[in-house]
Participant: 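Starting off with a structure, shown below.
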Amino acid sequence: MKKNEVLENGKVVKEDRLAPAKIDAIEKVDAKVRKGAPLERMVCGVDSGFGRIKVAYRDSVKGDVNVFCLESTLTINKVCMDLEKTLYIDGVAHDTISHNKLTKTGNITKDNEYSITNMYRGLYELYKRTKTKKFIVGLGCSADTYKSQDAIDSLRERALKKKEIVIKEHGKEEVKLYIEDVFIQPEGACSIFSMPVEVDRLEDNIIVDLGTLNSLFIPYYKVPNMRDSHSSECGYDFIVKNLMVKFKGQGINITEEKVERVIENLAKQKKEVQKIVNEYIIKDFLGEVLTKELKEAGYSELLGQKLIFTGGTSARFAPHIKKVYKDALFTTNPLYASVIGMYLRTQKAVDDMAKGAN
């Protein structure tokens, strides 16, 4: 491949296909949505992440891009804690209130049954909101997956293994959903559609996507440079595990789930607890771990590079990040920036294919 070309679902395309300048054209094409009745088929973006399930789609009445987020805590074929919270997928019971996140499965990519099952759950929730049963999915993948055509093909093959899925909630009728096609999308790079206005695409920037399991660092000059992107297992799960060790070092016996609840309700905690969390995030995680990863990714404060943070973990710790990296910028709505981009890029690909067929 030439220097400015990348792999896109099995085809070599110009890398500027990732450029945010394309967003206006996408929105103009996609604004022509059918009013009123459910769409025959729907294009959507799905991030069946290691921490949560995020979905983006176009509202068929108002034309707005809508998003929603679910806890990705499905447990497959286990004893369910609450029948009313049980979801049956092709006859197999799934507990929707388990604490077994994907981070505890041992998988480091999303090419696994858990992430695909969570994609099904996301599509079912989308059906409940729109009554549409046929979908074309823009499915998120890691940077490492996107660098390998074999890995892209493997994830797409797994996602399309079942094109018809029967889903049923306890006490409700079965629903058959159909997956027409799946486009594999690079998660962190897709956040360029939500870049803040302060970002100059003609300057050197680095996108910092702090996720649940991994963090991703993408050089960004004109377009995201996926070839030279750098990933590391230092996301939210890393923070939680290390905070648990910190607490135990202070004589506080605590579980990972309890640490998460402490973080989520930090303002309500005692000052001693707040101090443990804040000092770890600012000094240990951001000041040492993340700074080291940024240097490996080529970041230099002296060169004046902009750091653009995205992802749910970035949103959670935004005040801490601004204390360490005072010039840090954030994507618009960091929690949903990537999945909105996944939807927009998939819709554009579908529209381009339709034009080519005509």
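These values consider heavy atoms only, across backbone and side chains, with no hydrogens, waters or symmetry-generated copies.
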Participant: Can you confirm whether Arg345 sits close enough to Pro186 that some side-chain heavy atom of one is under 4.5 Å from a side-chain heavy atom of the other?
Facilitator: yes

Participant: Can you list the steps and then say if Leu87 with Ile167 is a side chain to side chain contact (heavy atoms under 4.5 Å, CB included)?
Facilitator: CA-CA 7 Å; Leu87 188 66; Ile167 299 185; 3.6 Å; yes

Participant: Is the backbone of Val43 close enough, under 3.5 Å, to the side chain of Arg58 for a donor and an acceptor to pair up by distance?
Facilitator: no

Participant: At what distance, to the nearest 0.5 angstrom, does CD1 of Ile165 lie from CZ of Arg121?
Facilitator: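 Separation between the atoms: 15.5 Å.
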
Participant: If you measure from OG on Ser338 to CG on Asp47, what distance do you get to the nearest 0.5 Å?
Facilitator: 7.0 Å

Participant: How far apart are the C-alpha atoms of Asp351 and Gln347, what are their side-chain angles, what is the distance that settles it, and do they pass the side chain to side chain donor-acceptor pair (under 3.5 Å) test?
Facilitator: CA-CA 6 Å; Asp351 292 337; Gln347 182 67 67; 3.1 Å; yes

Participant: With a 3.5 Å distance limit and no angle check, can you tell me whether Lys322 reaches the backbone of Lys326 through a side-chain donor-acceptor pair?
Facilitator: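 Yes; judged by distance alone, with no hydrogens or angles, the pair exists.
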
Participant: Shortest non-hydrogen contact from Glu113 to Arg158?
Facilitator: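 Looking at all heavy atoms of both residues, the shortest contact is N-NH1, 3.6 Å.
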
Participant: Quick check: do Phe317 and Ile239 have side-chain heavy atoms less than 4.5 Å from each other?
Facilitator: yes

Participant: Exactly one of Ser314, Pro334, Cys234 should register a side chain to side chain contact (heavy atoms under 4.5 Å, CB included) with Leu210. Which one does?
Facilitator: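 Among Ser314, Pro334, Cys234, the one that satisfies the side chain to side chain contact (heavy atoms under 4.5 Å, CB included) with Leu210 is Ser314.
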
Participant: Checking side chain to side chain donor-acceptor pair (under 3.5 Å) for the pair Tyr88/Glu174: CA distance, chi angles, key distance, verdict?
Facilitator: CA-CA 9 Å; Tyr88 299 90; Glu174 289 184 345; over 6 Å; no

Participant: Could Glu257 and Arg261 be called an ion pair, given the rule that one side-chain N must be under 4.0 Å from one carboxylate O?
Facilitator: no

Participant: Any donor-acceptor pair under 3.5 Å linking the side chain of Asn265 with the backbone of Lys268?
Facilitator: no

Participant: Roughly how far apart are Ile207 CD1 and Ser191 OG, rounded to 0.5 Å?
Facilitator: 4.5 Å

Participant: For the atom pair NZ (Lys168) and NZ (Lys172), what is the distance rounded to the nearest 0.5 Å?
Facilitator: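 Reported value, rounded in 0.5 Å steps: 10.5 Å.
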
Participant: What's the separation between atom CD1 in Ile321 and atom CZ in Arg316, rounded to the nearest 0.5 Å?
Facilitator: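 Spacing of CD1 (Ile321) from CZ (Arg316) equals 12.0 Å.
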
Participant: Under 3.5 Å, side chain of Ser48 to main-chain N/O of Ser115, donor-acceptor pair present?
Facilitator: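 At least one qualifying donor-acceptor pair exists.
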
Participant: Is it true that a side-chain atom of Lys306 and a backbone atom of Asp200 form a donor plus acceptor pair closer than 3.5 Å?
Facilitator: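 No, because the side chain of Lys306 does not come within donor-acceptor range (under 3.5 Å) of the backbone of Asp200.
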
Participant: Roughly how far apart are Glu233 CD and Lys241 NZ, rounded to 0.5 Å?
Facilitator: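 Interatomic distance, Glu233 CD to Lys241 NZ, rounded to 0.5 Å: 9.5 Å.
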
Participant: Testing the basics here: between Tyr220 and Lys222, what is the closest heavy-atom pair and its distance to 0.1 Å?
Facilitator: CE1-O, 3.7 Å

Participant: In terms of hydrophobic clustering (I, L, V, M, F, W, Y; side-chain heavy atoms under 4.5 Å; direct or indirect links), are Ile179 and Met353 co-clustered?
Facilitator: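 Yes.
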
Participant: Look at atom CD of Glu157 and say whether more than 12 heavy atoms of other residues, nucleotides or ligands are closer to it than 6.0 Å.
Facilitator: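 Atom CD in Glu157 is not crowded, with 12 or fewer foreign heavy atoms closer than 6.0 Å.
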
Participant: Does some side-chain heavy atom of Asn66 sit less than 4.5 Å from a side-chain heavy atom of Phe68?
Facilitator: no

Participant: Do Phe238 and Leu266 share a hydrophobic cluster (ILVMFWY, side-chain heavy atoms under 4.5 Å, transitive)?
Facilitator: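 Yes, because Phe238 and Leu266 connect within a single hydrophobic cluster, where side-chain heavy atoms sit under 4.5 Å apart.
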
Participant: Take Thr331 and Ser194, measure what side chain to side chain donor-acceptor pair (under 3.5 Å) needs, and give me the verdict at the end.
Facilitator: CA-CA 5 Å; Thr331 55; Ser194 298; 5.9 Å; no

Participant: Are Tyr57 and Arg129 side-chain neighbours, meaning at least one heavy-atom pair lies under 4.5 Å?
Facilitator: yes

Participant: Tell me the closest heavy-atom pair linking Arg52 and Cys69, and the distance in Å.
Facilitator: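 Here Arg52 and Cys69 meet closest at CD-SG, 3.4 Å.
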
Participant: Quick one: does Asn205's side chain have a donor or acceptor within less than 3.5 Å of a partner on Glu203's backbone?
Facilitator: yes

Participant: Got Val55 and Glu125 here, is their nearest side-chain heavy-atom distance under 4.5 Å?
Facilitator: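 No, every pair of side-chain atoms sits at 4.5 Å or beyond.
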
Participant: Would you check, one step at a time, whether the test side chain to side chain contact (heavy atoms under 4.5 Å, CB included) holds for Tyr120 with Lys162?
Facilitator: CA-CA 10 Å; Tyr120 298 154; Lys162 291 184 179 180; 3.6 Å; yes

Participant: Any non-hydrogen side-chain atom of Asn278 less than 4.5 Å from a side-chain atom of His320?
Facilitator: yes

Participant: Are Ser142 and Leu216 packed together at the side-chain level, in the sense that at least one heavy-atom pair is separated by less than 4.5 angstrom?
Facilitator: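 Side-chain contact under 4.5 Å: no.
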
Participant: In terms of heavy-atom contacts, does CG of Asp327 have more than 12 from other residues, nucleotides or ligands at under 6.0 Å?
Facilitator: no

Participant: So do the side chains of Met342 and Leu139 get within less than 4.5 Å of each other, counting heavy atoms only?
Facilitator: no

Participant: If we ignore hydrogens and angles and just use 3.5 Å, is the side chain of Ser154 paired with the main-chain N or O of Ala151 as donor and acceptor?
Facilitator: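 Not at all, since once roles are kept as given, no pair shorter than 3.5 Å links the two residues.
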
Participant: Write down the atom of Lys133, the atom of Val175, and the distance for their closest heavy-atom approach.
Facilitator: CE-CG1, 4.3 Å

Participant: So which atom in Ile136 and which in Phe183 form the shortest heavy-atom distance, rounded to 0.1 Å?
Facilitator: CG2-CE1, 3.7 Å

Participant: Give a yes or no on this: more than 12 heavy atoms of other residues, nucleotides or ligands lie within 6.0 Å of atom NZ of Lys292.
Facilitator: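 Open: at most 12 neighbouring heavy atoms sit under 6.0 Å from NZ of Lys292.
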
Participant: Quick one: closest heavy-atom pair of Phe217 and Pro219, and the distance?
Facilitator: O-CD, 3.8 Å

Participant: Take Arg156 and Asp181, measure what side chain to side chain contact (heavy atoms under 4.5 Å, CB included) needs, and give me the verdict at the end.
Facilitator: CA-CA 9 Å; Arg156 184 171 182 270; Asp181 206 346; 2.7 Å; yes

Participant: Is it the case that Lys131 places NZ or CZ above or below the six-membered ring of Tyr127, under 6.0 angstrom from the centre and within 45 degrees of the axis?
Facilitator: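 Positive - Lys131 is close enough to the ring of Tyr127 and near enough to its axis.
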
Participant: Stepwise, does the side chain to side chain contact (heavy atoms under 4.5 Å, CB included) test hold for Asp284 with Glu279?
Facilitator: CA-CA 7 Å; Asp284 297 348; Glu279 285 188 351; over 6 Å; no

Participant: Please tell me whether Asp153 and Gln149 have a donor and an acceptor in their side chains that are separated by less than 3.5 angstrom.
Facilitator: yes

Participant: Around Lys283, counting heavy atoms of other residues, nucleotides and ligands shown, do more than 12 lie under 6.0 Å from its NZ?
Facilitator: no

Participant: For Lys246, does the NZ atom sit with more than 12 other heavy atoms under 6.0 Å from it, leaving out its own atoms?
Facilitator: no

Participant: Can any side-chain N or O of Thr291 pair as donor or acceptor with the backbone N or O of Leu286 at less than 3.5 Å?
Facilitator: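 Answer holds: yes.
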
Participant: Using the ring of each side chain (for Trp, its six-membered ring), is Tyr325 parallel, tilted or perpendicular to Tyr299, with breaks at 30° and 60°?
Facilitator: perpendicular

